[in-house]
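Below is one structure; the comments refer to it alone.
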Amino acid sequence: MEDSNKQNPPQPHAGESKSLNFIEQIIEDDIRTEKYGKRVHTRFPPEPNGYLHIGHAKSICLNFGLAKKYGGKCNLRFDDTNPTKEDIEYVDSIKEDVKWLGFNWNGEYYASDYFETLYDYAVTLIKKGKAYVCDLPQEEIAATRGTVTTPGIISPFATRPIDENLHLFARMRAGDFADGSRVLRARIDMASPNMLLRDPILYRILHAEHHRTGNAWCIYPMYDFAHGQCDSIEHITHSICTLEFEVHRPLYEWFIKELDIYAPQQIEFARLNINYTVMSKRKLLSLVHEKVVNGWDDPRMPTICGLRRRGYTPEALQNFAEVISVAKRDNVIDVSLLEHCLREDLNKKAQRVMAVLNPIKLVLTNFADDAVEMLDAVNNPEDTSTGLRQVPFAKELFIDSDDFMEVPQHKFFRLSPGNEVRLKSAYIIRCNEVVKNADGSIKQLNCTYDANTRTGMPESNRKVKGTIHWVSVQHAVAIETRIYDKLFLPENPEAVADGEDFRSNLNPDSLKVTTSYAEPYIKNMKAGDKVQFERVGYFCVDADSTAQKPVLNKTVGLKGQWQKTL
RNA sequence: UGUCCUAUGGUGUAAUUGGCAACACGUCUGAUUUUGGUUCAGAAGAGUUCAGGUUCGAUUCCUGAUAGGACAACCA
């Protein structure tokens, strides 16, 4: 950590000299003072009530990353204390997503595995006179809690004798009472300025089937009574959570202290926000339920499975988490940073393929009618070990309509009448004639090619201003391209006016499906493969693909705005 | 009109025990390029929310404002 070499000047480009974030500083202090020996043990504790999204990815990378960096462990723990909202489907998807992100958990735990221990803890508190069974109805409890500026009123049941509390709590567990009729509360301080300390509820009665414990229980612990104790049981050293739990920390520590059990420490960080992105689980759930999107893994969703289907890679997401770092102040990350991380990774990996999204026909008038030339094309200029492939070249080609302008505007480098342009991996051509349909639209472009300009030919180094991509008409493979745009238009789609629905901010054009053409090589691609359509953008082969019709999801465009300035 | 947290270029994160603010993204130049991509070189952009104080010196310490956030679910 410390730089022992003080003689040498600092190295501005040294990759490994990154400074520590505040959590790493805490951990290194704790290691130094041996607060937990030299152990580092974190955990990722999702509630299985929805699919994981990119905000969770930040937390996953943080917790697992810290464990890895300091030679520690990280548990996967399901915070499954509310059977009414949770489901095994979510448990499975969470495991899949964490694994896909590239992490292996030290152990798989469930809060529900600790229900018996938690129950005993509650009994301990009752015996200490620190908890009581309260018969007040829900509305009464809310009303007597006071407000943020006025103290609450002590429950008439707060002074219930210990024996009676013990007896009643046992009967709660036994199922003698109806849902909502009684709760177990901690006796702390109804006048505390911290609302969470005003005799918080520990257990509620819920005659509901739990996805793991079935009907074994009809009382379930609340988050506050479960989370810290679970951390304690697992001997977690650093319990990292988001900022909204900051006010819970005194309570977290109160239970640990009163129970006199192993004490982990809770550390809070600011959750991830990304502009133009909805991140709240509740809203994502409603998008799925109301079929605004096609499921949790719709490529427009910020869910991990959605991003995966969109063509994001674990490496890109991990790098993103690294780059945004972690701190305690509220933040809104620009989507362009996320896209940057993705391009950085994809640029190195994606197979280059030529494709034409909106074709116009181009005829090489000086090319032999039935001739087909197989030309070599580079698979990936960033990785020469991927070699070459052959692309068929013939008299009739498709080029992208974007790559031709009858009246070129200023700084348009591509094809226009009388001008030359290079066909990627092939020849330099010149446009001689624009043939129109009766309605004035372009029917085809008549061009001539310069046979001396292919790679390896004498004039192959001749410079022309633009290079465009193309596909042979007779060899082209029809593909379905699904082009995605922002799901929400405003920068902060979660902030909606009172009485207005967040869905009013939806982008009606977030999905466009078109039929396009690609070179035959596209048929070699499998679901999940990433390609870069040269000069168009990155795409990912979707699982919906058939041999006849590959389906490609647009992952992200290339850098630069030139496409839009036409 | 309570308690707690936060405050650094457009955005995010840094700044060793106080020593005239660094990195990344974005933006803009230029070079290279058979992708307007990549790569490379460079530029602009903050004097650290404000006002006091301590100090030779404050983004770092103190005081007081201001702004934003969290908390009043038998959710997590």
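A, B, ... follow the sequence lines: proteins, then strands. Residue 1 opens every chain.
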Sugar-phosphate, base or nothing in reach of [X], heavy atoms under 4.0 Å:
{"X": "A:Val464", "answer": "nothing"}
{"X": "A:Arg145", "answer": "sugar-phosphate"}
{"X": "A:Pro200", "answer": "nothing"}
{"X": "A:Ala426", "answer": "base"}
{"X": "A:Lys463", "answer": "sugar-phosphate"}
{"X": "A:Leu136", "answer": "base"}
{"X": "A:Ser460", "answer": "base"}
{"X": "A:Gln532", "answer": "base"}
{"X": "A:Asn194", "answer": "nothing"}

Q.
If you assign each of A:Val183 and A:Arg454 to its closest nucleotide in RNA chain B, which residue comes earlier from the 5' end?
A. A:Arg454

Q: Return the 5'-most residue of the pair A:Arg249, A:Glu534 with respect to RNA chain B, ranking by each residue's nearest nucleotide.
A: A:Arg249

Interatomic distance where [atom1] belongs to [X] and [atom2] belongs to [N] [whole Å]:
{"X": "A:Lys58", "N": "B:U13", "atom1": "NZ", "atom2": "P", "value": "7 Å"}
{"X": "A:Arg282", "N": "B:A76", "atom1": "CZ", "atom2": "C1'", "value": "14 Å"}
{"X": "A:Leu243", "N": "B:A70", "atom1": "CG", "atom2": "P", "value": "10 Å"}
{"X": "A:Ile324", "N": "B:C25", "atom1": "CD1", "atom2": "P", "value": "15 Å"}
{"X": "A:Glu339", "N": "B:U11", "atom1": "CD", "atom2": "P", "value": "18 Å"}
{"X": "A:Tyr538", "N": "B:U35", "atom1": "OH", "atom2": "C1'", "value": "10 Å"}
{"X": "A:His340", "N": "B:C25", "atom1": "NE2", "atom2": "P", "value": "5 Å"}
{"X": "A:Glu244", "N": "B:C4", "atom1": "CD", "atom2": "C1'", "value": "14 Å"}

Picking from [options], which would you name as closest to the side chain of [X]?
{"X": "A:Pro381", "options": "B:A76, B:U38, B:U35", "answer": "B:U35"}
{"X": "A:Phe245", "options": "B:G37, B:C74, B:A76", "answer": "B:A76"}
{"X": "A:Lys328", "options": "B:C5, B:C74, B:U34", "answer": "B:C5"}
{"X": "A:Arg204", "options": "B:C74, B:A24, B:U3", "answer": "B:C74"}
{"X": "A:Ser325", "options": "B:U34, B:C74, B:U13", "answer": "B:U13"}
{"X": "A:Leu196", "options": "B:U13, B:C71, B:C5", "answer": "B:C71"}
{"X": "A:Lys411", "options": "B:G36, B:U38, B:A72", "answer": "B:G36"}
{"X": "A:Glu246", "options": "B:U34, B:C5, B:C74", "answer": "B:C5"}
{"X": "A:Ile201", "options": "B:C74, B:G37, B:G36", "answer": "B:C74"}
{"X": "A:Met222", "options": "B:G12, B:C71, B:C74", "answer": "B:C74"}

Q | Lys/Arg N to Asp/Glu carboxylate O, A:Glu234 vs A:Arg43, below 4.0 Å | A | no

Does a side-chain N or O of [X] approach OP1 or OP2 of [N] to a distance below 4.0 Å, or not?
{"X": "A:Lys85", "N": "B:A76", "value": "no"}
{"X": "A:Thr81", "N": "B:A76", "value": "yes"}
{"X": "A:Arg352", "N": "B:G37", "value": "no"}
{"X": "A:Gln25", "N": "B:A15", "value": "yes"}

Specify the closest pair of heavy atoms between [X] and [Y], including all atoms of both residues, with the distance to one decimal.
{"X": "A:Thr81", "Y": "A:Pro221", "answer": "CB-O, 3.4 Å"}
{"X": "A:Met172", "Y": "A:Leu184", "answer": "CE-N, 4.0 Å"}
{"X": "A:Ala208", "Y": "A:Tyr220", "answer": "O-OH, 3.0 Å"}

Work out how far the [atom1] atom of [N] is from that of [M], and round it to whole angstrom.
{"N": "B:A73", "M": "B:G19", "atom1": "P", "result": "46 Å"}
{"N": "B:G52", "M": "B:U59", "atom1": "P", "result": "14 Å"}
{"N": "B:G45", "M": "B:G57", "atom1": "P", "result": "29 Å"}
{"N": "B:U38", "M": "B:A76", "atom1": "P", "result": "47 Å"}
{"N": "B:C56", "M": "B:G64", "atom1": "C1'", "result": "26 Å"}
{"N": "B:U48", "M": "B:C20", "atom1": "P", "result": "14 Å"}
{"N": "B:U55", "M": "B:C62", "atom1": "P", "result": "16 Å"}
{"N": "B:U39", "M": "B:A24", "atom1": "P", "result": "13 Å"}

Q) What's the verdict on side chain to side chain contact (heavy atoms under 4.5 Å, CB included) for A:Met195 and A:Val247, showing C-alpha distance, side-chain angles and the deciding distance? A) CA-CA 9 Å; A:Met195 298 292 292; A:Val247 284; over 6 Å; no

Side-chain donor/acceptor of [X] to base of [N], under 3.5 Å:
{"X": "A:Glu382", "N": "B:G37", "value": "yes"}
{"X": "A:Arg343", "N": "B:U38", "value": "no"}
{"X": "A:Thr455", "N": "B:U34", "value": "yes"}
{"X": "A:His248", "N": "B:A76", "value": "yes"}
{"X": "A:Arg535", "N": "B:U35", "value": "no"}

(Q) Tell me if the CZ atom of A:Arg212 is crowded by more than 12 foreign heavy atoms within 6.0 Å. (A) yes

Q) How about A:Ile31: does its CD1 atom have over 12 heavy atoms from other parts shown lying under 6.0 Å from it? A) yes

Q: Would you please classify the geometry between the A:Tyr114 ring and the A:Tyr109 ring as parallel, tilted or perpendicular, with 30° and 60° separating the classes?
A: parallel

(Q) Students often mix this up, so state it plainly: with edges at 30° and 60°, are the rings of A:Tyr203 and A:Tyr119 parallel, tilted or perpendicular? (A) perpendicular

Q) Within a strict 4.5 Å, meaning less than it, do heavy atoms of the A:Ser181 and A:Ile205 side chains meet? A) yes

Going by purine N1 to pyrimidine N3 plus the second Watson-Crick contact, or the G-U wobble pair, all under 3.5 Å, which nucleotide sits opposite [N]?
{"N": "B:C23", "value": "B:G12"}
{"N": "B:G57", "value": "none"}
{"N": "B:C40", "value": "B:G30"}
{"N": "B:A67", "value": "B:U6"}
{"N": "B:U17", "value": "none"}

Q.
By the rule that syn is within 90° of 0, classify the base conformation of B:G47 as syn or anti.
A. syn

